[in-house]
Amino acid sequence: MDEIEANNLLNESRVKLDEIDKQLINLIIERTSIAKDIALSKKALNKDLFDAKREHIIKNKICKQIENENINQEYVLNIFEILFTISKEEQEKYL
């Protein structure tokens, strides 16, 4: 690969990453917006904010989904821990 091809590939890859980042942000916003409905449901059902069983189920699904992928499982789970925290903080506003 010469320098021109390498620069083209780098630029194309960065454009793709920028688009994926936009999609991720939109998905995080969408995921967070559901927290209100979850909080109101939990309140009506007299359930606790934290549901360890549910988080365990989600983590197991994630691990199964990525087990054959070339990606660090711990990092992916850390990302989801952050998403769980965002969701719980958002739910607290409605409880």
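As the structure is a prediction and not an experimental result, all values here were calculated from the model.
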Counting C-beta onward and ignoring hydrogens, is there a side-chain heavy-atom pair between [X] and [Y] closer than 4.5 Å?
{"X": "Lys59", "Y": "Phe84", "value": "yes"}
{"X": "Leu77", "Y": "Cys63", "value": "yes"}
{"X": "Asn60", "Y": "His56", "value": "yes"}

When you group the ILVMFWY residues by side-chain heavy-atom contacts below 4.5 Å and let the links chain together, are [Y] and [X] in the same group?
{"X": "Leu83", "Y": "Val76", "value": "yes"}
{"X": "Ile86", "Y": "Leu95", "value": "no"}
{"X": "Ile62", "Y": "Ile71", "value": "yes"}

Could you tabulate the donor-acceptor pairs under 3.5 Å formed by side-chain atoms of residues 26-36, not counting sequence neighbours?
from  : atom 1 : to    : atom 2 : distance (Å)
Asn26 : ND2    : Lys22 : O      : 3.3
Thr32 : OG1    : Ile28 : O      : 2.8
Ser33 : OG     : Glu30 : O      : 2.7

Exam field: side chain Asn72 to backbone Glu74, donor-acceptor pair closer than 3.5 Å: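 Indeed, once roles are kept as given, a pair shorter than 3.5 Å links the two residues.
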Backbone N/O of Lys47 and side chain of Lys42: donor-acceptor pair under 3.5 Å: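 Here the side-chain-to-backbone pair does not exist.
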More than 12 heavy atoms from other groups under 6.0 Å of CD on Glu67: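 Above 12, so yes.
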Heavy-atom neighbours of Glu3 CD exceed 12 at 6.0 Å: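 Atom CD in Glu3 is not crowded, with 12 or fewer foreign heavy atoms closer than 6.0 Å.
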Qualifying residue for side-chain hydrogen bond (donor to acceptor under 3.5 Å, both in side chains) with Ser87, from Gln91, Glu89, Glu90: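 Considering Gln91, Glu89, Glu90, a side-chain hydrogen bond (donor to acceptor under 3.5 Å, both in side chains) with Ser87 is found only for Gln91.
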Residue among Asn11, Leu9, Leu17 satisfying side-chain contact (heavy atoms from CB on, under 4.5 Å) with Ser13: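 Answer after filtering Asn11, Leu9, Leu17: Leu9.
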Side chains of Glu81 and Thr85, donor plus acceptor under 3.5 Å: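 Absent: no donor and acceptor within the cut-off.
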Atom [atom1] in [X], atom [atom2] in [Y]: separation rounded to 0.5 Å?
{"X": "Asp37", "Y": "Tyr94", "atom1": "CG", "atom2": "OH", "answer": "9.0 Å"}
{"X": "Ile57", "Y": "Lys61", "atom1": "CD1", "atom2": "NZ", "answer": "8.0 Å"}
{"X": "Asn8", "Y": "Met1", "atom1": "CG", "atom2": "CE", "answer": "9.5 Å"}
{"X": "Gln23", "Y": "Ile20", "atom1": "CD", "atom2": "CD1", "answer": "6.5 Å"}

Salt bridge flag under 4.0 Å for residues Lys88 and Glu55: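 Yes, charged N to carboxylate O under 4.0 Å.
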